[in-house]
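Notes to accompany the following structure.
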Amino acid sequence: MNGDFRILPSIASADQMRIAGEIQRLGDWPYLHLDIEDGNFVPNITFGMKTVRQIASYTEKELDAHLMVADPGAYLEELAGCGVKNVAVHLEALTYPLQTLSAIHKLGMRAGLALGFSSGAEAVMPFLSGADYLLVMTAEPDGEGQIFRARTLEKIRNLSRLTALPIWVDGGVGSETIVQAARAGASAAVLGRAVFSAENPGERARELAAMVLYQNKK
């Protein structure tokens, strides 16, 4: 891992009764992650485009979206209209992945290809030319709090050997596992409770980013 490590606080893990206040608690931290789950592709439901539009109109933070939905193409135009910079779509939800990645680019956004927990690193190989980054799920809905699964570290290592694309990780990432993921080749991590459970989430994000860089210099 070289350069800065990006921490992406997931607003889906914040207090949903006071989203505006939770965004304020991030202070000047520049990034905000939108986990959009539809209850079909994954069991959980987070929020839809109405909430995304309200968040986008409220904050100037750089927004990225992770579409855990059965029909990702249906969201793309509205996400672009909200000023979302990066959109990750799941390989497992796509019949023609390159077509969807191209559609994201045509709307002026960066295209991420997300890889589910059970999919192997080799599954993305035919589609790397259409992606700007990869998002690796390091947990899955399991009824146990979506625990970070150490076996995914080998997948990250394999991907980092196969491609120079940035690798993001998402799922159960905490203060210990984030260092392991970075050493395996990740350059960004989505964190929810690990950030928003802190008294000062913005400062916590900054501390975690600095900690990753320090640990990887050893």
**Study point:** Interatomic spacing from CG in N158 to OG1 in T163 - rounded to 0.5 Å
**Key:** 12.5 Å
Check your understanding: F117 versus T138: any side-chain heavy-atom pair under 4.5 Å?
Key -> no
Check your understanding: Are I45 and I36 linked, directly or through other ILVMFWY residues, by side chains that come within less than 4.5 angstrom of each other?
Key -> no
Review point. Between Q215 and R183, does a side-chain contact (heavy atoms from CB on, under 4.5 Å) hold up when you go through it step by step?
Key: CA-CA 9 Å; Q215 291 293 332; R183 287 176 174 168; 3.6 Å; yes
**Study point:** Side-chain donor/acceptor of R110 to backbone N/O of I104, under 3.5 Å
**Key:** no
**Study point:** Summary of ring-ring contact (aromatic ring centres under 6.0 Å, His included) pairs that have at least one residue in residues 91-113, sequence neighbours excluded
**Key:** none
Exercise for review: Would you name the heavy atoms of F196 and S13 that are closest together and state the gap between them?
Suggested key: CB-O, 4.3 Å
Residues 57-69 side chain polar contacts: donor-acceptor under 3.5 Å, at least two apart:
from: S57; atom 1: OG; to: R53; atom 2: O; distance (Å): 3.3
from: S57; atom 1: OG; to: Q54; atom 2: O; distance (Å): 2.9
from: Y58; atom 1: OH; to: Q24; atom 2: NE2; distance (Å): 2.5
from: T59; atom 1: OG1; to: K61; atom 2: N; distance (Å): 3.1
from: K61; atom 1: NZ; to: G27; atom 2: O; distance (Å): 2.7
from: K61; atom 1: NZ; to: W29; atom 2: O; distance (Å): 2.5
from: E62; atom 1: OE2; to: R6; atom 2: NH1; distance (Å): 3.2
from: E62; atom 1: OE2; to: N86; atom 2: ND2; distance (Å): 3.4
from: D64; atom 1: OD1; to: H33; atom 2: ND1; distance (Å): 3.4
from: D64; atom 1: OD2; to: H33; atom 2: ND1; distance (Å): 2.6
from: H66; atom 1: ND1; to: D35; atom 2: OD1; distance (Å): 3.3
from: H66; atom 1: ND1; to: D170; atom 2: OD2; distance (Å): 3.0
from: H66; atom 1: NE2; to: H90; atom 2: NE2; distance (Å): 2.8

Point to revise | Minimum heavy-atom distance F148-V173, with the two atoms named | key: CD1-CG2, 4.2 Å
Review point. Is E78 reaching over with its side chain to a backbone N or O of M49, donor-acceptor style, under 3.5 angstrom?
Key: no
**Study point:** Pairing residues for A198 by the side chain to side chain contact (heavy atoms under 4.5 Å, CB included) criterion, not counting sequence neighbours
**Key:** R204
Point to revise | CG on L128 to CG on L134, rounded to 0.5 Å | key: 6.0 Å
Point to revise | Audit row: I55, C82, side-chain contact (heavy atoms from CB on, under 4.5 Å) steps and yes/no | key: CA-CA 9 Å; I55 290 172; C82 290; over 6 Å; no
Revision key, fill the gap. On a heavy-atom basis, the closest approach of T46 and A12 is CG2-CB, 3.9 Å
Check your understanding: What is the minimum heavy-atom distance between A181 and V169, and which atoms define it?
Key -> CB-CG2, 4.0 Å
Point to revise | S160 OG to L165 CG distance, which is reported to the nearest 0.5 Å | key: 11.5 Å
Point to revise | Nearest heavy-atom neighbours spanning L32 and P9 | key: CD1-O, 3.6 Å
Check your understanding: Applying ring-ring contact (aromatic ring centres under 6.0 Å, His included), which residue pairs with at least one partner in residues 162-183 are found, sequence neighbours left out?
Key -> Y133-W168
Point to revise | Side-chain donor/acceptor of D38 to backbone N/O of A70, under 3.5 Å | key: yes
Exercise for review: Inspect the surroundings of CZ in R161 and state if more than 12 heavy atoms from other residues, nucleotides or ligands are less than 6.0 Å away.
Suggested key: yes
Practice item. Could you list the residues that satisfy salt bridge (charged side-chain N to carboxylate O under 4.0 Å, His left out) with E203, not counting sequence neighbours? Key: R206
Exercise for review: Output the distance between atom CG (L26) and atom CG (N200), rounded to the nearest 0.5 Å.
Suggested key: 9.0 Å
Point to revise | Partner of Y31 by side chain to side chain contact (heavy atoms under 4.5 Å, CB included), out of V190, L8, I7 | key: L8
**Study point:** Q16 side chain to I11 backbone, donor-acceptor under 3.5 Å
**Key:** yes
Study note, to complete from the structure: Rounding to 0.5 Å, atoms CD (E176) and CE (M211) come to a distance of 8.5 Å
Check your understanding: Which atom names give the shortest non-hydrogen contact between V212 and A182, and what distance separates them?
Key -> CG1-CB, 3.5 Å
Point to revise | Check: P97 and V124 side chains under 4.5 Å, non-hydrogen atoms | key: no
Check your understanding: Does V42 offer a backbone N or O that forms a donor-acceptor pair with the side chain of E37 under 3.5 Å?
Key -> no
**Study point:** Test item: K155 side-chain N/O and S119 main-chain N/O as donor-acceptor pair under 3.5 Å
**Key:** yes
Point to revise | Residues in side chain to side chain donor-acceptor pair (under 3.5 Å) contact with Q180, at least two apart in sequence or another chain | key: none
Exercise for review: Hey, could you give me the CG/OG1 distance between L76 and T100, rounded to the nearest 0.5 Å?
Suggested key: 7.0 Å
